[in-house]
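Reading through the structure tokens given below for one structure.
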2 protein chains.
Amino acid sequence: MTELEKGPLGQRRGRGARERILSASQRLFRDKGINRTGMDQLCAEAQVSKRTAYQHFATKDDLVTEYLRRFDPDVMPGVFDRPDLTPRERLLAAFEIPATTPLCPYIAAAVELHDPAHPASQYARDYKTAIAKRLTETARKAGATNPEQLGEQLALLIDGASARTRVLDTDSFPTAATIAAVLIDNAIPS
Amino acid sequence: MTELEKGPLGQRRGRGARERILSASQRLFRDKGINRTGMDQLCAEAQVSKRTAYQHFATKDDLVTEYLRRFDPDVMPGVFDRPDLTPRERLLAAFEIPATTPLCPYIAAAVELHDPAHPASQYARDYKTAIAKRLTETARKAGATNPEQLGEQLALLIDGASARTRVLDTDSFPTAATIAAVLIDNAIPS
DNA sequence: AGCTATGTAGACCGATCCGTACCCAACGGC
DNA sequence: GCCGTTGGGTACGGATCGGTCTACATAGCT
């Protein structure tokens with residue numbers, strides 16, 4: 001009970017300020033976008049004073065960067081490490097997780113911030129590169145003749161499905177999965 | 001000379017105000033983004049007074065919508081109508097035009113505006129649907145067994161290349177073209 | 001009990017935002 | 001030559017932005 005909110009009237013919301021800020025960021029940045037979410041509103045939502053917020057994150061840019069970094073542990077949660085799947089199945093499983101991330105926050109951030117030099121944009125690039133690398137590794141284990149190419153191709157499919165889902169408001173991951181199956185079958189010698 | 005800017009000192013920049021506003025929008029929205037481009041700056045760039053701007057476009061949202069509509073004639077300029085290409089070649093040609101549109105303005109607008117009900121967002125959806133339809137028609141002419149599927153797949157590849165090019169700052173259209181070739185070959189019986 | 005760290009609440013700052021209003025200059029049609 | 005339309009220039013309003021600051025309350029540690 002030391003770090004959680006106190007009971008009925010204690011009014012003290014506890015030491016979890018940083019956590020509340022980040023989870024409010026997730027919700028608001030996803031629902032309203034980064035630029036359209038003000039710090040005032042964010043602090044109100046997180047039940048945190050602005051002072052506290054700026055003690056944890058020197059600037060809004062820092063908060064955005066940290067907000068993106070937050071997704072790191074969730075990177076394709078466990079998809080690449082599931083021992084119950086063959087490498088080929090793992091590649092396909094990467095197209096079945098969009099429910100958790102309705103739209104790729106990295107693409108959104110890169111577009112909204114609109115500055116390739118922004119730390120968050122750089123992190124978005126790093127993340128995308130990391131995903132491609134994981135896909136390439138798995139493709140190699142699956143016996144693809146050209147794992148780098150297959151990894152890059154699958155990464156493109158994921159981004160395409162993500163972007164298209166966002167713009168059209170229709171789940172495009174099934175289409176991407178269909179393409180992926182074709183590519184994988186073509187790339188892995190029987 | 002009636003509608004162009006006058007000579008040396010006339011100071012009168014002519015009646016092309018609306019045109020100048022739209023072309024300044026293209027430049028600024030592309031380089032700085034929609035949200036980060038203020039009307040003051042835009043008017044300055046277009047050499048137009050704010051009054052004039054708001055006589056032509058009641059609100060910034062209207063301007064953004066009209067800015068997107070501007071791309072309509074350029075929709076895959078001539079790709080689908082080139083008589084010198086076979087339908088199959090036309091499908092592949094759709095992946096060779098990104099030089100003119102470094103990053104899809106529709107995706108950018110949908111992400112930046114972040115409101116599916118925004119007229120510009122709706123127009124972005126219409127545009128994407130139109131592109132898919134053109135691809136489907138061409139796929140049908142090319143003899144694809146399932147033209148709808150192939151059209152949707154190719155549309156996803158285009159969006160994927162566009163998004164990925166934006167985030168990674170690397171031209172991803174060659175990768176998309178490679179995938180497209182595989183899909184087309186698989187979908188069209190020899 | 002007392003100290004410090006951490007928190008809340010909210011006023012406040014300058015900048016920027018979209019949009020409006022006012023006044024005047026230059027053209028076009030009569 | 002006169003007048004209406006179109007336009008430039010610009011000051012202004014209200015809102016919101018990111019960020020700072022003061023004043024006060026509570027938690028844990030000793």
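Numbered from 1 within each chain, the chains take letters A, B, ... in sequence-line order. Just the heavy atoms: all of them, side chains too, but no hydrogens, waters or symmetry mates, feed the values below. Since the model is a prediction, treat every value here as computed from it, not as a measurement.
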request  = Would you check if the side chain of E112(B) reaches a backbone N or O of A109(B) as a donor-acceptor pair within less than 3.5 Å?
outcome  =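 No: the side chain of E112(B) does not pair with the backbone of A109(B).
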Atom-pair distance ([atom1] on [X]; [atom2] on [N]), nearest Å:
X	N	atom1	atom2	result
L42(B)	dG8(D)	CG	C1'	16 Å
Q55(A)	dT20(D)	CD	C1'	12 Å
L63(A)	dG18(D)	CG	P	10 Å

request  = Please round to 10 degrees the angle between the axis of the first five pairs and the axis of the last five pairs in the helix from dA1(C)-dT30(D) to dC30(C)-dG1(D).
outcome  = 10°
request  = Locate the shortest heavy-atom distance separating V167(A) from A110(B); write the atom from each residue and the value.
outcome  =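 The pair with the smallest heavy-atom distance is CG2-CB, 4.1 Å.
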message = Checking A177(A) now: which residues fulfil side-chain contact (heavy atoms from CB on, under 4.5 Å) with it, not counting sequence neighbours?
response =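 For A177(A) the side-chain contact (heavy atoms from CB on, under 4.5 Å) partners, ignoring immediate neighbours, are F95(A).
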message = Once side-chain contact (heavy atoms from CB on, under 4.5 Å) is applied, do any residues pair with E66(A), and if so which ones, sequence neighbours excluded?
response = R18(A), L22(A), F57(A), R69(A)
request  = Measure distances between side-chain N and O atoms of T52(B) and base N and O atoms of dG7(D), and say whether any donor-acceptor pair falls under 3.5 Å.
outcome  =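 Donor-acceptor pair under 3.5 Å: no.
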Per-nucleotide protein contact string for nucleotides 17-24 of chain C, where B marks a base within reach and S marks sugar-phosphate only (heavy atoms under 4.0 Å, - for neither) = -BBBBBB-
task = Apply side-chain hydrogen bond (donor to acceptor under 3.5 Å, both in side chains) to Q26(A) and list each qualifying residue two or more places apart in sequence or on a separate chain.
result =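 Per chain and number, Q26(A) pairs via side-chain hydrogen bond (donor to acceptor under 3.5 Å, both in side chains) with no residue.
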ask   = Looking at R20(A), does any N or O in its side chain come under 4.0 Å of the phosphate oxygens OP1/OP2 on dT6(C)?
value = no
request  = Look at the side-chain N and O atoms of H56(B) and state whether any lies under 4.0 Å from the OP1 or OP2 oxygen of dT6(D).
outcome  = no
request  = Kindly state each residue pair satisfying ring pair (Phe, Tyr, Trp, His ring centres under 6.0 Å) with at least one member in residues 131-165 of chain B, sequence neighbours excluded.
outcome  =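 For residues 131-165 of chain B, and leaving out neighbouring residues, there are no ring pair (Phe, Tyr, Trp, His ring centres under 6.0 Å) pairs at all.
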